[in-house]
Number of protein chains: 2
Amino acid sequence: MAIHDVECCDDFEVHSDVVQAVRSHMPDDDDLYDLAELFKVFGDSTRIRILYVLFESELCVCDIAQLLNMTQSAISHQLKILKQSRLIKSRREGKSVFYSLADDHVYRIINQGFEHIKE
Amino acid sequence: MAIHDVECCDDFEVHSDVVQAVRSHMPDDDDLYDLAELFKVFGDSTRIRILYVLFESELCVCDIAQLLNMTQSAISHQLKILKQSRLIKSRREGKSVFYSLADDHVYRIINQGFEHIKE
DNA sequence: TATTCATATGAATATCTGTTCATATGTTCA
DNA sequence: TGAACATATGAACAGATATTCATATGAATA
């Protein structure tokens, strides 16, 4: 049976070769959920900007707040989300807490995204 | 002046070397906004799952709806968003409309994401 | 042309999310 | 210890968003 030599959208479709193939190659629902959650973290311009300023150097909360012209509280809330997603890590130095990128996955993911929007 | 040999969080901080360096390396706000918008599209498990089923083969709307066990309307709404972001393309064949991935950026972006969650 | 099938779409709704505000926690230093 | 500074956090509110429902559009066929 050729790839699309099937009636589309009747109930038999569920048993076609293509649909069966798709089913067998799908990752676990949990993984797909986690993946969406990860991209959701990148899907906010405040968090993207935070990640970008951390590309250059580790920074403390108030530095980031000043750079992005936002309140300390707003930044702190977003840093928490970024940290929970293991995209950034923190280090306390006296009263300040310095944040930095957790690893270079952040780099790669953002760069791939950039390539897409630059078409 | 050493990297962190500056008083953190007073107003002079804005003029420090590091902060100046960060400022000069930031992309345009428009690009950062677009980037966040792109990741926002990936940040929904329905859309992620749609992209995944399209990895295997082009599919029509009702096929996708059946595979994901969702209504045709819900899928159609999400396909519109994916298409507006140029992540998928469509082709009409009679009554059906077949959707497929626009290019391999989708692949790469999702794979980078997967690497992160699989640590 | 009328009917049926496949898809698209607008409005409504419920849920989610980011920021603000007030305040708590934690650290340094006098 | 107490004051000042840096950060974290909970509650509340406003804005965004995914799904549902009803219906419109578009295409094939009898």
| said: For A/Lys89, give me all partners under side chain to side chain donor-acceptor pair (under 3.5 Å), at least two apart in sequence or on another chain. | reply: none

| Partner set under side chain to side chain donor-acceptor pair (under 3.5 Å) for A/Thr71, not counting sequence neighbours | none

| request: Work out which heavy atom in A/Thr46 is nearest to a heavy atom in A/Leu68; give both atom names and the distance. | output: O-CD1, 4.1 Å

| Distance test, side-chain N/O of A/Tyr99 to OP1/OP2 of D/dA8, below 4.0 Å | yes

| message | Going by ring-ring contact (aromatic ring centres under 6.0 Å, His included), name the pairs with one or both residues in residues 55-85 of chain A, residues two or more places apart or in two chains. | response | A/Tyr52-A/Phe55, A/Phe55-A/Tyr107

| said: Suppose we screen for side-chain contact (heavy atoms from CB on, under 4.5 Å). Which residues come up paired with A/Gln84, at least two apart in sequence or across chains? | reply: A/Lys80

Pick out the pairs of N or O atoms, protein on one side and nucleotides 18-23 of chain C on the other, that lie under 3.5 Å.
residue : atom : partner : partner atom : Å
C/dG18  : OP1  : A/Arg47 : NH1          : 3.1
C/dG18  : OP1  : A/Arg47 : NH2          : 2.7
C/dG18  : OP2  : A/Arg47 : NH1          : 3.4
C/dT19  : OP1  : A/Thr46 : OG1          : 2.7
C/dT19  : OP2  : A/Gln78 : NE2          : 2.9
C/dT20  : OP2  : A/Thr71 : OG1          : 3.2
C/dT20  : O4   : A/His77 : NE2          : 3.1
C/dC21  : N4   : A/Ser73 : OG           : 2.6

| task | Mind calculating the distance between NZ (B/Lys80) and C1' (C/dG10) to the nearest angstrom? | result | 9 Å

| field | Separation of atom CD1 in B/Ile75 from atom C1' in C/dT9, rounded to whole Å | value | 15 Å

| Contacts of type salt bridge (Lys or Arg N to Asp or Glu O under 4.0 Å), residue B/Arg108, not counting sequence neighbours | A/Glu115, B/Asp104

| message | Given a 3.5 Å cut-off on both pairing distances, which stems involving DNA chain D, each at least three consecutive Watson-Crick or G-U pairs, are present, if any? | response | C:1-30 with D:1-30

| query | Between B/Phe42 (CZ) and D/dA18 (C1'), how many Å, whole number? | reply | 18 Å

| request: Output all residues satisfying side-chain contact (heavy atoms from CB on, under 4.5 Å) with B/Arg92, sequence neighbours left out; order by chain, then residue number. | output: B/Val97

| said: For a quick test of reading the model: is some side-chain N or O of B/Lys95 closer than 4.0 Å to OP1 or OP2 of D/dG26? | reply: no

| request: Please examine the side chains of A/Met70 and A/Gln78, heavy atoms only from C-beta on, and report whether any two atoms are closer than 4.5 Å. | output: no

| field | Integer-rounded Å distance: D/dA27 C1' and B/Arg92 CZ | value | 6 Å

| side chain to side chain donor-acceptor pair (under 3.5 Å) partners for B/Gln112, two or more places apart | none

| field | Results of side-chain contact (heavy atoms from CB on, under 4.5 Å) for B/Ala36 - residues two or more places apart only | value | A/Ser45, A/Ile48

| query | Heavy-atom contacts under 4.0 Å between residues 30-38 of chain B and DNA chain D, which residues? | reply | none

| message | Once side-chain contact (heavy atoms from CB on, under 4.5 Å) is applied, do any residues pair with A/Glu37, and if so which ones, sequence neighbours excluded? | response | A/Tyr33, A/Lys40

| task | Could you tell me the separation between the CG atom of B/Asn69 and the P atom of D/dT20, rounded to a whole number of Å? | result | 10 Å

